[in-house]
Amino acid sequence: MLSAHEWMLLAVVGTALAAIASGRIRADLVALLVLVTLPITGVINFEEALSGFSRSVVITIIGLFMITQGLEDTGVVKWIAGRLRQVGGNSEVRLLLLFMVAGATLSLVMNNIAAGAVLLPAAVQVARDAKVPSSKLLMPMGFGTLVGGMATYFTTANIILSSILRDQGQARLSMIDFVPTGGLIVLTSLIYMALIGRRLLPKRESVTVVGSSPDLYEAYQLDERLWEARVPPDSKLNGQNLKLTSIGEALGVTVLGIVRRRQMIVNPGSTEVVQPYDCLLVLGREERVQEMDQWGIRVEKANGDYHPDLVEHLNEVIIPPRSRAVGKSLADIQFRNRYGLTAVALWREGRSIRTDVGKTPLDVGDALLMSGPAIKVAQLAKERDFLVLQSGVEPPPPIPHKAKWALGITVLVLLLSIFEITPTAEAMMIGAAAMALTGCINLDEAYLSIEWRVIFLIAGMLPISIAMVRTGLAERVGQGVVDVVGPMGPLALVSGLFVLTMVITQFIGGQVAALIVGPIAVTSALELGVNPQAVAVAVAIACSTSFLTPIAHPVNVLMMGPGGYRFSDFPKVGAGMTLVTFVTLLVGMVLFWSL
């Protein structure tokens with residue numbers, strides 16, 4: 001019979017998971033609500049609820065973000081991306097394997113999302129040069145960062161599982177615990193992708209830069225929403241500049257150009273004055289555009305005559321991780337005034353948004369179609385908050401002369417962690433402090449590089465793990481798991497926990513899945529007399545098996561726009577990756593853990 005505290009904990013966990021899965025409430029806000037609710041209900045005390053912020057797992061992740069920033073600021077990561085461009089060649093298979101290996105390698109020492117973000121422009125550039133669709137490279141590269149995270153300690157879920165082991169009085173995990181099994185998974189994943197997975201990848205050029213601007217014009221389906229708005233002599237818009245007309249603000253549509261006396265004014269500025277007989281080229285939904293009737297404007301569907309004039313000014317921009325634009329709209333950051341470019345459309349989760357583009361809050365991985373002169377695009381390309389895919393201009397690293405220092409410090413941190421000379425959290429703080437002392441990072445900017453949403457998510461959800469142990473719920477559920485799969489042996493336990501964790505991960509992410517399943521997994525292993533470190537490694541690897549949905553991991557979201565992927569593309573390719581990971585994991589459990 002469950003106790004009152006166990007029932008309360010189940011209610012809190014169920015509500016939190018439902019809220020995160022719904023996407024209506026931010027995951028970090030859900031975590032803070034959990035942190036507040038558990039002590040109020042008496043499940044744990046306030047000290048235990050707040051202990052997540054002082055845990056080594058949080059300190060380790062903060063240090064990892066700062067070291068990653070040092071590698072980016074000194075140009076180490078950009079140098080790697082540049083070398084990949086040089087050796088890419090034109091073979092689709094070789095390029096696929098090259099970027100998959102690069103993603104796996106970078107994720108050994110840095111955050112998976114950051115690894116994907118720094119390789120993304122290199123992959124797009126190489127794809128364009130080799131005339132290979134980006135959709136053939138980006139998903140394998142993203143999957144490469146995920147499997148690479150299985151072979152290292154420096155992955156959030158892996159660090160969390162190590163912390164859960166310590167909470168239950170068991171030995172922590174180390175780098176060497178992940179390398180053999182995770183490395184084997186990397187190898188089999190490469191083989192799968194080269195032989196089978198690449199044949200399942202879509203050959204799609206929507207929202208890619210493989211071709212020229214006309215590809216972007218068609219990919220974003222601009223023709224479907226392009227209208228001619230003719231201004232008669234008696235219209236009240238005459239003599240007003242575009243800003244005063246409030247066309248964009250009031251209707252949520254975009255003025256792409258003005259045809260005046262047979263001349264095209266592309267990307268007209270807000271100070272451009274509307275004149276009699278002007279033809280405004282407007283992009284937006286029909287019902288919005290037709291509202292211009294009230295101003296005496298006659299609206300009709302645009303023909304294809306304007307296509308050549310418009311497409312030569314189009315460029316694609318991606319919102320990268322840690323961009324200060326995330327969560328804000330283009331109107332909020334006054335994008336048009338600051339950069340002199342017009343946001344034409346937004347690509348998100350496989351569809352083109354062409355109305356209210358400036359009012360839509362931006363998220364990581366959003367692809368924006370911009371119109372404007374090349375000089376303005378070049379200026380935007382120097383901004384770290386935006387990733388311009390078609391520009392040959394790249395922001396130079398701020399402190400390239402410190403690259404050797406950053407590389408040496410990273411190697412030092414790895415050695416301290418691998419050989420367990422110091423605890424991993426302490427090694428990370430040593431690395432972060434060394435980066436600051438040697439000038440590899442500016443501390444103020446390094447603080448901005450930390451994904452505080454991730455930190456608060458983990459620190460806020462950690463009390464659930466504590467509560468599951470304190471109330472005995474983990475032991476109770478663990479005993480139930482043992483009763484079901486125990487008679488079938490240790491591999492059955494690993495299999496059951498892997499499938500459970502993997503399924504949860506597809507909808508709420510591996511970080512939360514690790515906090516929920518981790519205590520149950522360790523308790524089950526102890527009940528059955530199985531090596532708890534082996535089971536923890538299996539669950540950690542399951543948390544990185546984020547191949548079936550784009551929402552399973554932010555790196556998948558980041559690849560969606562530039563790759564032109566749809567939701568259905570992920571299970572199509574990811575099912576095989578999941579199966580390969582599962583089978584290889586079981587082999588690793590036998591070979592390296594003697595299960």
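Residue indices begin at 1 and follow the sequence shown.
The main-chain N or O of Glu445 is found under 3.5 Å from a side-chain atom of Asn442 such that the two form a donor-acceptor pair. In this structure a side-chain-to-backbone donor-acceptor pair under 3.5 Å is missing from Tyr339 to Lys376. Looking only at distances, a side-chain donor or acceptor of Lys136 sits under 3.5 Å from a matching main-chain atom of Leu201. In this structure, Trp227 contributes its side chain and Gly284 its backbone to a donor-acceptor pair below 3.5 Å. Between the side chain of Thr145 and the backbone N or O of Gly142, at least one donor-acceptor pair lies under 3.5 Å. Side chain of Ser135 to main chain of Pro202: a donor-acceptor pair is present (N/O by atom type, distance under 3.5 Å, no hydrogens or angles). Not a single donor-acceptor pair under 3.5 Å links the side chain of Asn337 to the backbone N or O of Gln334. With hydrogens and angles disregarded, a donor-acceptor distance shorter than 3.5 Å links the side chain of Ser235 to the backbone of Leu237. Between the side chain of Asp278 and the backbone N or O of Leu280 there is no donor-acceptor pair closer than 3.5 Å. A donor-acceptor pair under 3.5 Å links the side-chain atoms of Ser323 to the main chain of Ala325, judged by distance alone.
Annotation: side chain of Val317 is not in contact with side chain of Leu387 (no heavy-atom distance under 4.5 Å). Within the 4.5 Å cutoff, side-chain heavy atoms of Leu146 are placed close to those of Asn556. Contact of the Leu369 side chain with the Leu346 side chain is not registered, since no non-hydrogen atoms from C-beta on lie closer than 4.5 Å. Between Asp385 and Ile333, every side-chain heavy-atom pair lies at or beyond the 4.5 Å cut-off. Residues Asp444 and Leu448 have side chains not in contact (no heavy-atom distance under 4.5 Å, counting atoms from C-beta outward). The closest side-chain heavy-atom distance from Gln275 to Arg261 is below 4.5 Å. Put simply, the side chain of Pro233 reaches to within 4.5 Å of the side chain of Tyr277, judged on heavy atoms. Considering only heavy atoms from C-beta on, Val377 stays 4.5 Å or farther from Met370 through its side chain.
The NZ atom of Lys301 lies 6.0 Å from the CG atom of Leu226; values are rounded to the nearest 0.5 Å. Annotation: the span from Leu200 atom CG to Asp569 atom CG amounts to 10.5 Å, rounded to 0.5 Å. Atom CE of Met139 and atom OH of Tyr565 lie 5.0 Å apart (nearest 0.5 Å). Taken from CG in Asn112 to OG in Ser544, the straight-line distance is 6.5 Å, to the nearest 0.5 Å. Rounded to the nearest 0.5 angstrom, Ile297 CD1 and Glu291 CD are separated by 13.5 Å. Summarising the geometry, atom CD belonging to Glu451 is positioned 10.5 Å from atom OG1 belonging to Thr68; distances are rounded to the nearest 0.5 Å.
Residues Thr505 and Ala513 share a closest heavy-atom pair of OG1-CB, 3.5 Å. Looking at every heavy atom in both residues, Ala157 comes nearest to Gly510 through CB-O, 4.1 Å. Of all heavy-atom pairs between Asn238 and Pro276, the closest is OD1-N, 3.1 Å. Between Thr74 and Cys440, the shortest heavy-atom distance links the atoms CG2-O, 3.8 Å. Closest approach of Ala16 and Val34 over heavy atoms only: CB-CG2, 3.8 Å. Minimum heavy-atom separation, Val573 to Gly197: CG1-O, 4.2 Å.
Between Glu300 and Arg298 there is a salt bridge, since a side-chain N of the basic residue sits under 4.0 Å from a carboxylate O of the acidic one. Residues Glu286 and Arg288 are not paired through a salt bridge, judged by the lack of any N-O separation under 4.0 Å between the basic side chain and the carboxylate. Salt-bridge check for Arg453 with Asp28: failed, with every basic side-chain N at 4.0 Å or more from each acidic carboxylate O. Under 4.0 Å is where a charged nitrogen must lie from a carboxylate oxygen, and between Glu383 and Arg338 no such pair does.
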### Task
Output, in order, the C-alpha distance, side-chain angles, deciding distance and verdict of salt bridge (Lys or Arg N to Asp or Glu O under 4.0 Å) for Arg260 and Glu272.
CA-CA 12 Å; Arg260 180 178 298 157; Glu272 186 69 40; 3.0 Å; yes
### Task
Go through the steps to decide whether Ser189 and Met100 satisfy the test side-chain contact (heavy atoms from CB on, under 4.5 Å), and finish with yes or no.
CA-CA 9 Å; Ser189 297; Met100 198 169 179; 4.0 Å; yes
### Message
Between Phe335 and Phe386, is the ring pair (Phe, Tyr, Trp, His ring centres under 6.0 Å) condition met? List the steps.
### Response
CA-CA 11 Å; Phe335 183 88; Phe386 302 95; 5.4 Å; yes
### Task
Starting from the C-alpha separation in whole Å, work towards a yes-or-no answer on side-chain contact (heavy atoms from CB on, under 4.5 Å) for Thr581 and Thr578.
CA-CA 5 Å; Thr581 301; Thr578 302; 5.7 Å; no
### Task
Start with the C-alpha gap between Met577 and Val147, add the side-chain angles, then the distance that decides, and say whether side-chain contact (heavy atoms from CB on, under 4.5 Å) holds.
CA-CA 10 Å; Met577 283 287 292; Val147 296; 3.8 Å; yes
### Task
Check the pair Arg230 / Glu228 against salt bridge (Lys or Arg N to Asp or Glu O under 4.0 Å), numbers first and verdict last.
CA-CA 6 Å; Arg230 300 189 179 276; Glu228 296 178 359; 2.9 Å; yes
### Task
Starting from the C-alpha separation in whole Å, work towards a yes-or-no answer on side-chain contact (heavy atoms from CB on, under 4.5 Å) for Gln511 and Leu515.
CA-CA 7 Å; Gln511 297 160 350; Leu515 291 164; 5.7 Å; no
#### Entry: Worked check of side chain to side chain donor-acceptor pair (under 3.5 Å) between Ser329 and Asp332
CA-CA 5 Å; Ser329 69; Asp332 292 335; 3.1 Å; yes
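Aromatic pair Phe570/Phe547: ring centres not closer than 6.0 Å.
Atom NZ of Lys328 has 12 or fewer neighbouring heavy atoms from other residues, nucleotides or ligands inside a 6.0 Å radius.
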